[in-house]
Protein chains: 2
Amino acid sequence: MAKRGSYAKGVAKREEILTSALDVIAREGFRKASVREIADAVGLSQAGLLHYFGSKEQLFVEIMRKRDEVDTEHFDLDSSHYNPMREGYLRVIRHNSEVPGVVELFSRLAVEASDVEHPAHEYFLQRSALIRELFTKSIAEEQEAGRVTDKVDAEVLARILQAVSDGMQLQWLLDRDVDMAATVDALFTLLGAAPANTAASAPAGETSTADS
Amino acid sequence: MAKRGSYAKGVAKREEILTSALDVIAREGFRKASVREIADAVGLSQAGLLHYFGSKEQLFVEIMRKRDEVDTEHFDLDSSHYNPMREGYLRVIRHNSEVPGVVELFSRLAVEASDVEHPAHEYFLQRSALIRELFTKSIAEEQEAGRVTDKVDAEVLARILQAVSDGMQLQWLLDRDVDMAATVDALFTLLGAAPANTAASAPAGETSTADS
DNA sequence: GTCTATATTGAGATAGAC
DNA sequence: GTCTATCTCAATATAGAC
């Protein structure tokens, strides 16, 4: 955190660049997201930008990491309890619908990173596993309490949840009228969760259509 | 079908190329799927291939269409009744896990086609809507018969189903050990059960666990 | 209809001055 | 650390011969 020494300064600048890049992608969209465009946007030359990140692909991985960091901070994503998890997750999804460029970059990278040689491969594997672990833990808890169906294993439910989120992003990229959050929430409803704040199991339709 | 006249011959050749391209992508994988590589694979020069399809992107759309055509033929995909729909769908998914290159091409295109200007945009919109219609129809039927939960509208369930399939493809691209079909089937199981108030409906677990 | 050869474009990477 | 300039490469698209 201390900024003395050129090393720390470099780190700070990196962070600054990432924040800025993320911001620009969120606002301006992703388009042909070339190193050059991001460089322009953050006020550096292409060479200046690559000075910090070595290659385009490394840059993109770092941008995604920064995104995760910011999101985890903004919305409490690390809760291992069901309702906070559910709500936090929905908040992120709602937020995503305001940053299409970020969603597009993420989806594109996700496909490219399927190649084990790709610099983002490890990142996606780990991120993916981490999310599933959080889901699994809180779902299992809920299953034990009898509030979520135990017809399907928690691990599998977690995977389904993750798949729906990713899949809804694709549907939403194609047609922006789609309500990602509402659909994911419908899935939560399906799992048998008592709708967010009502006492017993109440009509699910009302509880959580996106509040933005 | 008759081959007289150069027009019909051209069409036949196109079909032949597409079949061949699809076959190659399925077998050899997708890699950096350039026009040139496909051209090599089908035994044409790059220019020769583009003679038929004008541009790379049009070529890819046509390959995807051909894929749909072949799949619809091989697995009865157009049934609007629930169980055939479910079984047919699972068969396609199982088949997909044997053609990673095709899955990768599809996923990649799906993201790129989110741009309304992209030549594949319309294709994806229509394909996507068509699949959802089939799902919706058969699900609604099942809901009326009380065999599928009515906690969530048929349209939304259809969307969830579609999202899970797409999302599982991403997960599977990243980690080939994932069982796409089993996970999607688990979702079907979930739909069939009335969670929380168990006793009423039939045990869904048995009905259709993968037969391959 | 198919090929060879080439134009064109666009990107990422790198060298070297300041 | 940052820039300008350039290299290199890959890929699509096109011209024109056969």
Side-chain angles (χ1 to χ4, degrees), chain A residues 3-21 24-25 28-63 101 104-105 108-109 111-113 115 117-120, chain B residues 3-21 24-25 28-63 101 104-105 108-109 111-113 115 117-120:
Chain A
K3 281 193 191 157
R4 61 179 177 150
S6 56
Y7 176 69
K9 178 127 183 289
V11 170
K13 179 78 182 186
R14 262 175 73 106
E15 294 301 301
E16 193 191 314
I17 292 171
L18 290 175
T19 303
S20 180
V24 166
I25 292 171
E28 315 268 321
F30 169 80
R31 288 297 141 215
K32 309 225 70 183
S34 60
V35 174
R36 194 159 259 125
E37 288 197 38
I38 294 176
D40 287 354
V42 306
L44 278 179
S45 70
Q46 194 224 37
L49 180 54
L50 281 188
H51 170 71
Y52 288 95
F53 299 96
S55 80
K56 169 198 166 184
E57 276 156 344
Q58 284 167 54
L59 167 62
F60 285 150
V61 181
E62 294 310 314
I63 290 176
E104 195 182 346
L105 175 56
R108 186 181 284 236
L109 258 194
V111 177
E112 280 164 14
D115 184 341
E117 301 299 318
H118 194 286
Chain B
K3 281 192 190 159
R4 60 179 177 152
S6 57
Y7 176 70
K9 178 130 184 283
V11 169
K13 180 79 181 188
R14 263 175 73 106
E15 295 302 301
E16 193 191 315
I17 293 172
L18 290 175
T19 303
S20 180
V24 166
I25 292 171
E28 314 268 322
F30 169 80
R31 292 294 144 216
K32 309 226 73 188
S34 62
V35 174
R36 189 160 261 123
E37 288 198 37
I38 295 178
D40 289 353
V42 306
L44 277 181
S45 70
Q46 192 221 52
L49 180 53
L50 281 188
H51 169 71
Y52 288 95
F53 299 95
S55 82
K56 169 195 165 185
E57 277 156 345
Q58 285 168 53
L59 167 63
F60 285 149
V61 180
E62 295 310 314
I63 291 177
E104 195 182 346
L105 174 56
R108 186 180 282 235
L109 259 195
V111 178
E112 280 164 13
D115 184 341
E117 301 299 315
H118 194 285

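Naming convention: chains lettered A, B, ... in sequence-line order (proteins, then strands); numbering from 1 in each chain.
- The distance between atom CZ of A/R14 and atom P of D/dG1, rounded to the nearest whole Å, is 12 Å.
- When all heavy atoms are compared, the tightest approach of B/A120 to B/V61 is CB-CG2, 3.5 Å.
- More than 12 heavy atoms of other shown residues, nucleotides or ligands fall within 6.0 angstrom of atom CZ in A/R14.
- For the pair A/E104 and B/D115, the minimum side-chain heavy-atom distance is 4.5 Å or more.
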When you compare the protein's N or O atoms with those of nucleotides 3-7 of chain C, which come within less than 3.5 Å of each other, and at what distance?
unit_1, atom_1, unit_2, atom_2, d
C/dC3, OP2, B/S45, N, 2.7
C/dC3, OP2, B/S45, OG, 2.9

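- A 4.5 Å side-chain heavy-atom check between A/H118 and A/L109 finds at least one atom pair inside the cut-off.
- Rounded to whole Å, the distance from CD1 on A/I38 to P on C/dA11 is 12 Å.
- Interface residues of residues 52-61 of chain A facing DNA chain D, ordered by number: A/Y52; criterion, heavy-atom separation under 4.0 Å.
- Distance, B/L50 CG to D/dA13 P: 6 Å, rounded to whole Å.
- Taking all atoms of both residues into account, the shortest heavy-atom contact from A/S20 to A/V42 is OG-CG1, 3.5 Å.
- A/H51 places its NE2 atom 17 Å from the P atom of C/dA17, with the value rounded to the nearest Å.
- Contact of the B/K56 side chain with the B/L59 side chain is not registered, since no non-hydrogen atoms from C-beta on lie closer than 4.5 Å.
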List the atom pairs, donor and acceptor, that lie under 3.5 Å between side-chain atoms in residues 46-55 of chain B and the rest of the protein, sequence neighbours left out.
unit_1, atom_1, unit_2, atom_2, d
B/S55, OG, B/E57, N, 3.4
B/S55, OG, B/Q58, N, 3.2
B/S55, OG, B/Q58, NE2, 3.4

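- Using a 4.5 Å cut-off on side-chain heavy atoms (C-beta onward), A/I38 and A/I17 make no contact.
- The interatomic distance linking B/E16 (CD) with C/dT2 (C1') rounds to 14 Å, in whole Å.
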